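By convention in this document, chain letters (A, B, ...) are assigned in the order of the sequence lines, proteins followed by strands, and residues within each chain are numbered from 1. Given the structure is predicted, the values throughout are model-derived calculations rather than measurements. Atom set for the values below is all heavy atoms of this structure, side chains included, hydrogens, waters and symmetry mates excluded.
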Protein chains: 2
Amino acid sequence: MPVSEQLRNDLEDVANRLRISSVEMTCASKSGHPTSSTSAAEIMATLFFNELRYDIAEPKSASADRFILSKGHACPILYAAWEEAGLLSHEQVLSLRKIDSDIEGHPTPRLNFIDVATGSLGQGLGAAAGMAYVGKYIDKASYRVFCLLGDGESAEGSVWEAAAFASIYKLDNLVAIVDVNRLGQSQETSLGHNVDVYRARFAAFGFNSIVVDGHNIDELLAAYEVARNTKNQPTAIIAKTLKGKGLVGIENEDNWHGKPVSADLIAAIQARFHGSSKGKLVAQKPINDAPVVDLHIGSTVMAAPEYKIGDKVATRAAYGTALAKLGDANPRVVGLDGDTKNSTFSEKLLKKHPNQFIECFIAEQNLVGVAVGAQCRDRVIPFTSTFAAFFTRATDQIRMAAVSFANLKCVGSHVGVSIGEDGPSQMALEDIAIFRSIPNGTVFYPSDAVSAERATELAANTRGIVFIRTSRPALPVIYANDEKFEIGHGKVVKKSEKDSILLIGSCVTLYESLKAAEILEKEGIHAAVIDPFTIKPLDGKLIAEHAQRVGGRVVVTEDHYAAGGIGEAVSAALADIPNVRVRSLNVKEVPRSGPPDALVDLYGISARHIVEAVKNFH
Amino acid sequence: MPVSEQLRNDLEDVANRLRISSVEMTCASKSGHPTSSTSAAEIMATLFFNELRYDIAEPKSASADRFILSKGHACPILYAAWEEAGLLSHEQVLSLRKIDSDIEGHPTPRLNFIDVATGSLGQGLGAAAGMAYVGKYIDKASYRVFCLLGDGESAEGSVWEAAAFASIYKLDNLVAIVDVNRLGQSQETSLGHNVDVYRARFAAFGFNSIVVDGHNIDELLAAYEVARNTKNQPTAIIAKTLKGKGLVGIENEDNWHGKPVSADLIAAIQARFHGSSKGKLVAQKPINDAPVVDLHIGSTVMAAPEYKIGDKVATRAAYGTALAKLGDANPRVVGLDGDTKNSTFSEKLLKKHPNQFIECFIAEQNLVGVAVGAQCRDRVIPFTSTFAAFFTRATDQIRMAAVSFANLKCVGSHVGVSIGEDGPSQMALEDIAIFRSIPNGTVFYPSDAVSAERATELAANTRGIVFIRTSRPALPVIYANDEKFEIGHGKVVKKSEKDSILLIGSCVTLYESLKAAEILEKEGIHAAVIDPFTIKPLDGKLIAEHAQRVGGRVVVTEDHYAAGGIGEAVSAALADIPNVRVRSLNVKEVPRSGPPDALVDLYGISARHIVEAVKNFH
């Protein structure tokens, strides 16, 4: 459809107003990224005022189109767009980067129009793909998802994981726009203005891939139209632009990344105005066809565990059972896995509720990215699973999920040396530390099948980032099916009045602690044993109480490295209590392949070593 | 060049012997991946016995060709190849996965023919690209680098980061071979046998990209010849194969991932032998043109720091200065960065020694992967740098670098809330935990420019994985240029006989602790202050000694989350000492944008909060 001169002029004026506001706000903050903003001015103007459907009365309504600024450092242009739309005042945008303002240096969901925090590059497209998947297959709604990427960040592998995912699932409601402004932070990008290479890459990854002049209104609008009419594949718009476009003496020049420019440059931009006024162009309203969703799962809804004390069941298997039950209880519980579903047991949900499962293949960054996108606007509760070791691949995505205040559940199996023969590459030994670092996060480490099912249920009912650490070996059920579990409440699994030491362990090392207690008891040494259940929050009160009761000696044993593990968590929790002493047994070197029990012994966390530690603890 | 029938028959026999050995060893171990191995039998036979140059007398000689099995779970076929070459006995390979054997479930450099550990998928090509870069530009030698990938792992973004890097630097000494056997662990891969898509993707990422039948000797040899003759770009050989090839009833069937098969299947493979005997084909010897390298850097070689006490210098800037000096001292000190060199100050090395610097663009997984590859066979000492927050992107690569026993230096800048206005996406608050989890790793947290320079020097002289945490703010120099620093030795920066409390901090929080001590002193409360210098190993002895000297009260303050940070490290180090009590101040929530000092105060780690903590510590 040809573009009228009026519309072109109006959109050019919008673009230039966005430019000016970006310059003004970064002048006010004396820091920020005006040049990365102005290259995207026409892209943002056309998107926000001739393509996206939204309503400033409710920017994040379920039915509104989504926009993700993957190149988060260019947020001045995004704030300017919402200012132009009437959501933000000019005074608000001028508070950019101030300590009392939510107009932050990179976007976060503290703002009511941001779905996911960006600023760690290359993460926007994965989240966008997650939103688009939910829109197409779960909400089955009209809303579409637009993601603006930088060219520099397109070097991140996570972009290509997301691109592959989008094409596998034929996400024709997804549009990626790459602002190819040629210049990175410290030098030219590796591809410069070779837009054909970007085009070929996105095409090879299954996109309908189009090159446009990113400063040409007509070409941008035509590309959006192509995207709207493309079926069964996502669209990539490769927009050739100039960094600092419109800023005289700075446009397309190196060494201007992340630096404010002189406000004197505004006059030249103003000189190009056609005379169209702010507020003239108004976005179309959303088509209100996204269903109303209730993510609530009552604790009575889920069927209770059905085990017998002493049954040998791996906690990873119990997790799968519980996840399938959650799927029964709420159709918005969704499982995601990275081609390990037959090991993590997330396949139990897939088998029962195939529409509630997203296979993400071997791409763990995107596994987490898609989940973060899927949970936006409270559409689903995503449970992601893979080997816990491979969540380390997505550490940055998990870190950013925290900045996004995401409602994300991660379940990592095959932890520690107790996985056995597969060897160190498959053994998670730092996962507790990583997930404990998430502010307000929850870390479950269930020790048997009953507590693993309860952890899964609690995870669904707990907003925020939750990690469940599951284990490979099948170990005996120790809790009754009606045992009550709460976050932050440990269990005293063994105690007597004669106790003279406290042992703490989880799962494999809880059993080793119990075995050690049994051996010690025969020699007249009585030990209390605590299962913390959640490592974060840790039940410091219970542990302190029993530590003091037994006379102050505590031995913590874990199938994890020392850093940030249970031993350090307990040491820190008890650090302020005089006359309580903690010793920790943990894995101290890179392990090797071997039978699980032999490895548990070789690396010093078996019952034998606990007994020895107790006897040497004077 | 046409292949003679004799050579074809000989190589087919080799392939089938590799198959049989792979089956036998996984039968012996009752676990492992025979089907993922047999799909690659012809690839391995042709590579190891008609293409690679090596000598079993010294498999990892500097001049030998490199082979990286990125699909590490297929290691039985690799062990079988080295058995066929005469390096390993059949008895040795039958010890697969046993606790006293280095023939592990996934390959590690405990074996003298493995350069990097694999098993976390998608990491081989980055390491291979690092080796190829060093071969082409630093060693300027004839050796070539071959990497065998699985099709499933080609979904990992890290593969595409590495591919882009290889084409940017025209690594024509690098050959990627993709074993497209169609089947993943839990289902078919997303692309199945669509080899043309793989071809197009590698072509779009700058490779000369060829499709072959991966079981056809002639096609494989022809492809290697093409690769040998391709200049200025790497080659990708997309090999269409069948998983379980040669195993009757299992070939190309689902549900056989990671499972041993019946030894009865061997007879059918034997029936296809042409009669060529083991040992007939011998690899060509390396061309011995890789230079002899000395990585030694004497502590007297590097120029001493040149600051004045009180000079305001950021530790990141001092790092850049020291790195450039190291570059003067040894031409094998190499810097790598991810387009942040003007922020991390690694550009100081680039400016002085452009041939000792590798720009890796915005792809942190590959930044670390290339460095791990580069350090193999002691060719260089790689110093990688980016914002510390973005090392979280490479956590899995760092984890695997530990399994590779790599000699890797990571230098992360812009840590904690003290970076200021850029906001939480750019703030590293979990990096200490991640790097402390590396067994035998070293974590430096220098507090001023002098100690930052010394940390850099010590890092170069310390084998293993070393992290240096550098900071954004310019802060006063507190140490004399001739102050001696040692790993595991802290500094008492303030003490008196009247001390009644011990304060511990690093960099920003060391200054806050000193400020607090000054304020407290005016009120008659005397505090000792310790700078730990290395957080791992921590100088527990010094800290314990002073904690006891001052009467048992310790306040640790850090610009980091609690988990795995300095507070927990100190708590654990003192956990066994009665009557020593530790309180920790750290960042407890997701921070926001704002001025550095205001954020340090807002998040409770400023002098004011330390003073308050001391006064409330009874």
- Message: Test side-chain contact (heavy atoms from CB on, under 4.5 Å) on A:Gln397 and B:Thr392; report intermediate values, then the result.
- Response: CA-CA 9 Å; A:Gln397 277 73 12; B:Thr392 62; over 6 Å; no
Distance in Å, [X] [atom1] paired with [Y] [atom2], rounded so as to fall on 0.5 Å steps:
{"X": "B:Asp396", "Y": "A:Asp396", "atom1": "CG", "atom2": "CG", "value": "13.0 Å"}
{"X": "B:Ile432", "Y": "A:Ser437", "atom1": "CD1", "atom2": "OG", "value": "12.0 Å"}
{"X": "A:Thr395", "Y": "B:Asp431", "atom1": "OG1", "atom2": "CG", "value": "12.0 Å"}

Checking [X] against chain B: side chain, backbone, both or neither under 4.5 Å from a heavy atom?
{"X": "A:Ala598", "answer": "both"}
{"X": "A:Ala162", "answer": "neither"}
{"X": "A:Leu121", "answer": "both"}
{"X": "A:Leu574", "answer": "neither"}
{"X": "A:Thr118", "answer": "backbone"}
{"X": "A:Glu359", "answer": "side chain"}
{"X": "A:His33", "answer": "side chain"}
{"X": "A:Val587", "answer": "neither"}
{"X": "A:Ser31", "answer": "side chain"}

For the student: nearest non-hydrogen atoms of [X] and [Y], plus distance:
{"X": "B:Asn579", "Y": "A:Pro578", "value": "OD1-CB, 3.9 Å"}
{"X": "B:Val403", "Y": "A:Pro424", "value": "CG1-CG, 3.7 Å"}
{"X": "B:Ala155", "Y": "A:Glu161", "value": "O-CG, 3.4 Å"}
{"X": "B:Ser593", "Y": "A:Gly105", "value": "OG-N, 2.8 Å"}
{"X": "A:Ala563", "Y": "B:Ala433", "value": "CB-O, 4.0 Å"}
{"X": "A:Gly119", "Y": "B:Phe390", "value": "O-CZ, 4.0 Å"}

When you look at [atom1] of [X], are more than 12 heavy atoms from neighbouring residues, nucleotides or ligands closer to it than 6.0 Å?
{"X": "A:Asp254", "atom1": "CG", "value": "yes"}
{"X": "B:Lys588", "atom1": "NZ", "value": "yes"}
{"X": "A:Asn440", "atom1": "CG", "value": "no"}

If you tally heavy-atom pairs under 4.5 Å against chain B, which of [options] wins?
{"options": "A:Gly258, A:Gly423, A:Ala572", "value": "A:Ala572"}
{"options": "A:Arg553, A:His560, A:His257, A:Gln365", "value": "A:Gln365"}
{"options": "A:Arg581, A:Arg393, A:Gln185, A:Arg436", "value": "A:Arg393"}
{"options": "A:Ala200, A:Ala575, A:Gly594", "value": "A:Ala575"}
{"options": "A:Gly338, A:Gly157, A:Ser425, A:Ala204", "value": "A:Ser425"}
{"options": "A:Glu153, A:Lys536, A:Gln123", "value": "A:Gln123"}

Close side-chain approach of [X] to [Y], heavy-atom, < 4.5 Å:
{"X": "B:Ile434", "Y": "A:Glu430", "result": "no"}
{"X": "A:Gln187", "Y": "B:Phe361", "result": "yes"}
{"X": "B:Phe617", "Y": "A:Asp576", "result": "yes"}
{"X": "B:Glu156", "Y": "A:Glu364", "result": "yes"}
{"X": "B:Gln426", "Y": "A:His73", "result": "no"}

With only heavy atoms counted, which part of [X] is less than 4.5 Å from chain A, the side chain, the backbone, both or neither?
{"X": "B:Arg201", "result": "both"}
{"X": "B:Leu599", "result": "both"}
{"X": "B:Ala389", "result": "both"}
{"X": "B:Ser167", "result": "side chain"}
{"X": "B:Val554", "result": "neither"}

- Message: For B:Ser571 and A:Glu568: C-alpha separation, side-chain torsions, deciding distance, then whether side-chain contact (heavy atoms from CB on, under 4.5 Å) applies.
- Response: CA-CA 7 Å; B:Ser571 296; A:Glu568 292 196 353; over 6 Å; no
- Note on the structure: Sorted by chain and residue number, the side chain to side chain contact (heavy atoms under 4.5 Å, CB included) partners of A:Arg110 (sequence neighbours excluded) come out as A:Asp102, A:Glu104, A:Thr108, A:Phe405, B:Val590, B:Arg592
- Message: Using only atom types and a distance under 3.5 Å, with no angle test, would you say the side chain of B:Arg97 pairs donor to acceptor with the backbone of A:Pro595?
- Response: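 Such a contact is absent between B:Arg97 side chain and A:Pro595 backbone.
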- Query: What do the steps show when you test B:Glu421 against A:Ser29 for side chain to side chain donor-acceptor pair (under 3.5 Å), and what is the final call?
  - Reply: CA-CA 9 Å; B:Glu421 286 83 357; A:Ser29 65; over 6 Å; no
- Task: Answer with yes or no whether the side chains of B:Ser186 and A:Glu347 bring together a donor and an acceptor at under 3.5 Å.
- Result: no
- Residues which pass ring pair (Phe, Tyr, Trp, His ring centres under 6.0 Å) with A:Tyr169, listed by chain and number, not counting sequence neighbours: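 Ring pair (Phe, Tyr, Trp, His ring centres under 6.0 Å) check on A:Tyr169 returns A:Tyr133, A:Phe165.
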